[in-house]
There are 2 protein chains.
Amino acid sequence: MLMDLAALSGLDARDATRLRVLQCIRSQEEISRTDIAQALDSSPATVTSACGALLEAGLIREVERAPSGAVQRGRPRVMLQINGAAFLLAGIKIARHAFLVVIVDFKGDEIGTYALPLAESRMQADALVRRVRTALDAACDHLGVDVAQIAGIALGMPGFINGQTGFMHWSSSVIERNVDFVPLFQVHLPCPTFLDNDANLVAKAEHLFGAGRGLRNFLVVTVEHGVGMGIVLDGKLYRGERGCGAELGHSKVHIDGAVCQCGQRGCLEAYVGDYAMVRDASTGRQTDAPTSIAEILAMARAGDALAHQVLERASEILGVALANLVNLFDPEHIVLARSRPELDPPYPDIMLDALRRNTVQVDAPLPGLTVRNLDKSMWAKGAAAHGIEMLSILKVRERGAVDAA
Amino acid sequence: MLMDLAALSGLDARDATRLRVLQCIRSQEEISRTDIAQALDSSPATVTSACGALLEAGLIREVERAPSGAVQRGRPRVMLQINGAAFLLAGIKIARHAFLVVIVDFKGDEIGTYALPLAESRMQADALVRRVRTALDAACDHLGVDVAQIAGIALGMPGFINGQTGFMHWSSSVIERNVDFVPLFQVHLPCPTFLDNDANLVAKAEHLFGAGRGLRNFLVVTVEHGVGMGIVLDGKLYRGERGCGAELGHSKVHIDGAVCQCGQRGCLEAYVGDYAMVRDASTGRQTDAPTSIAEILAMARAGDALAHQVLERASEILGVALANLVNLFDPEHIVLARSRPELDPPYPDIMLDALRRNTVQVDAPLPGLTVRNLDKSMWAKGAAAHGIEMLSILKVRERGAVDAA
DNA sequence: AAATATTATTTTGCTCAGTGAAATAAATAT
DNA sequence: ATATTTATTTCACTGAGCAAAATAATATTT
């Protein structure tokens, strides 16, 4: 229901069932065995046995409190929920100028965050992994957590990365190309470590904890310095054949249009990315050129025509880009995550209007749209979500091994 | 491997296995049991039993002829292949001015085609289904096939259609909206009948018989009057949440661009669709306005600047649109199916160049591109492909029921 | 308070798809 | 002819998931 289970390596049918049950529980705040059976369309007997294993492993727990709402006749259902205390996990976003660490528990609740500033934005893979260790230790120290309690680490990084294998084809944060990080993780890090593209991880966070909870088809569009996208289709992340799809930021919105940081022309992010808006709003100014979206907004508010025009155009183009996504993917929902500050009126309306005017009209309502702030911890939380998912698999499998012994 | 089997209604595990084996055989010209076991990653025992059922049902057959190539030691493998004679099937494309019927056998080989011209391009659902019956009878008559031999019918129609349920939300060929065709089929047609969107069906045809054979992620782009797209992800057709995705023709390539037949502006097909090119190449001409792509090509060849410019622009825009698809979907392969006539040099190169220049650069090679002629029978063949797939399911299940008795 | 009704969960015995190992089949090599 | 090799089939078994029966825990009725 939530993830591609069959594709997970070395997971037998029983583990897959347990995992499905675990994810069903996670997708609700709390749920009874009967309801799980119904949700997964399987027999109560199967659910009982899977829950037994999960309880024994400490991954879930029974809730004492009576279920709220109208009291029913008959034996009351026992609600199950994720046992947050099962273990801790570190999500780390490899950003340009810092490593952002968030420590979460198994339920996804945040224990705390920590940022390790960086001098250089690109480094050798080996040095990067050592730095991750430094960041982890510092974060634990800062938050009063024993590093030994951390059961897993998940890293989010821009670039083309195969999240299943931990192989990085290219990243703006790493000097080398084509690096297999797995051996590096094994040498330098104290626990299982996972790596994936950062936009994918935000999609995963939305899928597990956010607006995408329980949805099968939705998109996450991230707008900050550049523009990224995560695609969830059929309940699982779509990565493309070579692992380099979802490059919305470099889809073309104009023939021979504005120059992009990638060197091509007419890329979406060359109009709506932070850097592009700053650049465009600075054109022709000798002094007082804006250096951030906040400054452009302030200037527009103060009546500056160019600033207004840049914001207006970006809003419209982003609306059109979202409309194109609706036309192509027809998703259930789109999450638009953009960095602060939020845009003032009338810009959001310009975007929504462009979205509406450019989607194919059918009877069915448009997909839902959630606009949310993409703060730094969101990225790291996405990494954590990925880690939770991967660790769930490990733990369930581990438990299976214990059973067998 | 080839299709979402679990999603098929009422198909138990055994039927699903048989179907997987059947599709594995279909995906190769011929294949031995051993190789099937390897391809499906299952045991030879399982394959033996599945093949037994399929042989008994007459859906496959053993090939007598010794396998070609170097003669091996040991017991020679017995090659299996689809038994084309298992049954016949009619694929029917509901086009604007005609019903195009193609009769194929179970292997997908064409028995023959037939076109029934239509006076009106839109009609009531009921009348349409009656006409389908007329077309079927006429086609069988014309091709010397007994209608009773036809085991299934598949219809392809433009519009928003749920291919699983046979429910049509909207179609340009039908006057009503929101029609459930299943009861109509039951009343008027002599055998199981399936309905789907036409671009999806072309994708299916490519998947079963064409350039998409054995691929998991590929796109089919159709360019004729308008622009359509079929998306195959993870081995199955992606239809979007509301069944109205893949509207590539109405994705926007210009803000406030050319007017499209859908009423919006800047749609891809308002630049590269046949109607748009004819319109644009006619602009400002009092006489000798072209009425077809062939005429525009002839004019360009004769040195007409406007005709050349229209062709050049359409080629470039189509290249950019394809690049955007690569950037978003990162498919294994793209099939570009366009109606005759083929474009002369330099237009294909302009398109390819635009494609290359606008895709995100990674180490991995670009997805493959097949440009193919989209003749009328292709659509109908797509319908037939869909019908074969659905009928395979029915037949396999039927056989299961016989076994049980 | 006891009996009854109702709903949730667990237990039990069974089914059946898929498997590994052994048997068999069909060819080549010696 | 016999040994070797490879493909396929047979057979006994495993194990996931299920239906039905049993049990548990509650509310309602008598």
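Labels below follow one simple rule: chain letters A, B, ... track the order of the sequence lines, proteins then strands, and each chain is numbered from 1.
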Quiz item: How long is the line joining CE of B:M79 and C1' of C:dA27, in whole Å?
Solution: 16 Å
Quiz item: Over how many whole Å does the gap from A:R33 atom CZ to D:dA24 atom P extend?
Solution: 15 Å
Quiz item: How is B:V78 classified with respect to the nucleic acid when contacts are heavy atoms under 4.0 Å: base, sugar-phosphate, or nothing?
Solution: sugar-phosphate
Quiz item: Does the base of D:dA7 carry an N or O that pairs as donor and acceptor with the side chain of B:R75 under 3.5 Å?
Solution: yes
Quiz item: So, do A:F329 and B:F329 have ring centers that fall under 6.0 Å from each other?
Solution: yes
Quiz item: Atom CZ of B:R73 and atom C1' of C:dA26: how far apart are they, to the nearest Å?
Solution: 13 Å
Quiz item: Below 4.0 angstrom, N of the basic side chain to O of the carboxylate: do A:E62 and A:R33 qualify?
Solution: yes
Quiz item: Which whole-number value in Å describes the distance from B:E62 CD to C:dA25 C1'?
Solution: 13 Å
Quiz item: Using a cut-off of less than 4.0 Å, is there contact between a side-chain N or O of A:R77 and OP1 or OP2 of C:dT7?
Solution: no
Taking N or O atoms only and anything under 3.5 Å, show me the protein contacts with nucleotides 14-21 of chain C, one pair per line.
from	atom 1	to	atom 2	distance (Å)
C:dA17	OP1	B:R14	NE	2.7
C:dG18	OP1	B:T17	OG1	2.6
C:dG18	OP2	B:T17	OG1	3.0
C:dT19	OP2	B:S43	N	3.0
C:dT19	OP2	B:S43	OG	3.0
C:dT19	OP2	B:T46	OG1	2.7

Quiz item: Salt bridge between A:E389 and A:K236, side-chain N to carboxylate O under 4.0 Å?
Solution: no
Quiz item: Are A:D41 and A:R20 close enough for a salt bridge, meaning some N to O gap below 4.0 Å?
Solution: no
Exercise. Check side chain to side chain donor-acceptor pair (under 3.5 Å) between A:T370 and all other residues, then give those that pass, not counting sequence neighbours.
Key: A:H333
